[in-house]
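For reference, positions follow the sequence shown, starting with 1.
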Amino acid sequence: MGVSGSGKSTIGAALAQRLKVPFVDADMLHPPTNIAKMAAGEPLDDDDRLPWLDRVAEWLTAHRDGGVVSCSALKRKYRDQLRTHCPHATFLHLSGSPELIVGRLAARFGHFMPAALLRSQLDTLEPLGNDESGVVVDIGPDVDTVVERFLASASDS
């Protein structure tokens, strides 16, 4: 989980490969109306996200034996909705400075999510609560280090 540009797809794919489980980028599960709205520079609201989160939850349910999803899951209620279908889900919150993320977004091409929406995502973000199953990992290091830190922290939980 995390804002656009935090590395969800890259880290998620690497984590899934390491765990030898399926991976899906939740961006691929957005309905076309959500993609069009974001591409036009409009942030999604909760009503836009509900059907998308349902599709993510369906994927999680189909992969109860193991799978990794890269999903923004910015608000607690979004994570709660996912946990309703998959109660043992563990979240990896990819956290980094706005400056680092802006730099990553500037270097990214061909994605429907414009960098201009980063501020709305940062404003929406609700960090993991102490009672939520998950780990916060800094995105500054390389991909392998981020994956290792998550796996080490998750095994300590």
- request: In sequence, state the C-alpha distance, the side-chain angles, and the governing distance for Leu44 and His30, and then conclude on side-chain contact (heavy atoms from CB on, under 4.5 Å).
  value: CA-CA 11 Å; Leu44 299 179; His30 271 296; 3.6 Å; yes
Donor-acceptor pair, side chain of [X] and main chain of [Y], under 3.5 angstrom:
X	Y	answer
Asp48	Asp45	yes
Trp59	Leu29	no
Lys8	Leu94	no
Glu42	Lys37	no
Gln81	Leu53	no
Thr145	Pro141	no
Ser6	Val3	yes

Answer yes or no: does atom [atom1] of [X] have more than 12 heavy-atom neighbours from other residues, nucleotides or ligands under 6.0 Å?
X	atom1	value
Asp65	CG	no
Gln17	CD	no
Asp131	CG	yes

- request: Before giving the answer on side-chain contact (heavy atoms from CB on, under 4.5 Å), spell out for Arg79 and Leu128 the whole-Å C-alpha distance, their side-chain angles and the decisive distance to 0.1 Å.
  value: CA-CA 9 Å; Arg79 297 186 297 272; Leu128 287 173; 3.6 Å; yes
Drop me the distance from [X]'s [atom1] to [Y]'s [atom2], to the nearest 0.5 angstrom.
X	Y	atom1	atom2	result
Trp52	Ile35	CH2	CD1	11.0 Å
Ile139	Arg149	CD1	CZ	12.0 Å
His88	Leu60	NE2	CG	13.0 Å
Leu74	Glu126	CG	CD	9.0 Å

Can you see which heavy atom on [X] is nearest to which on [Y], and at what distance?
X	Y	answer
Gly96	Asp138	CA-OD1, 4.3 Å
Phe23	Ala13	CE1-N, 3.5 Å
Val147	Ala14	CG2-CB, 4.0 Å
Leu82	Cys71	CD1-SG, 4.3 Å
Cys86	Arg64	CA-NH1, 4.0 Å
Gly129	Arg76	CA-NH1, 4.4 Å

message: As a quick check of understanding, evaluate salt bridge (Lys or Arg N to Asp or Glu O under 4.0 Å) for Lys77 and Asp46, giving each step before the final call.
response: CA-CA 10 Å; Lys77 70 181 184 177; Asp46 287 354; 2.5 Å; yes
- prompt: Are Val56 and Val24 side-chain neighbours, meaning at least one heavy-atom pair lies under 4.5 Å?
  reply: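 In short, these two side chains do not touch, never coming nearer than 4.5 Å.
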Test item: Ile11 and Ser70 side chains (from C-beta on) under 4.5 Å apart, heavy atoms: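 Sidechains of Ser70 and Ile11: no contact.
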task: Decide side-chain contact (heavy atoms from CB on, under 4.5 Å) for Lys75 and Thr124; before the verdict, give the C-alpha distance in whole Å, the side-chain angles of both, and the deciding distance to 0.1 Å.
output: CA-CA 7 Å; Lys75 289 185 180 181; Thr124 300; 3.5 Å; yes
field: Those residues that, when tested against Arg49, pass side chain to side chain donor-acceptor pair (under 3.5 Å) (two or more places apart)
entry: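 Once residues adjacent in sequence are excluded, the partners of Arg49 under the side chain to side chain donor-acceptor pair (under 3.5 Å) criterion are Tyr78.
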- request: Go through Met1 and Leu125 one step at a time and tell me if the side-chain contact (heavy atoms from CB on, under 4.5 Å) criterion holds.
  value: CA-CA 10 Å; Met1 64 164 278; Leu125 177 64; 4.0 Å; yes
- request: Any chance you could lay out the salt bridge (Lys or Arg N to Asp or Glu O under 4.0 Å) test for Asp80 and Arg83, step after step, and finish with the verdict?
  value: CA-CA 5 Å; Asp80 288 344; Arg83 279 191 292 266; 2.5 Å; yes
message: side-chain hydrogen bond (donor to acceptor under 3.5 Å, both in side chains) for Asp25 and Ser9? Distances and angles first, verdict last.
response: CA-CA 6 Å; Asp25 184 332; Ser9 300; 2.5 Å; yes
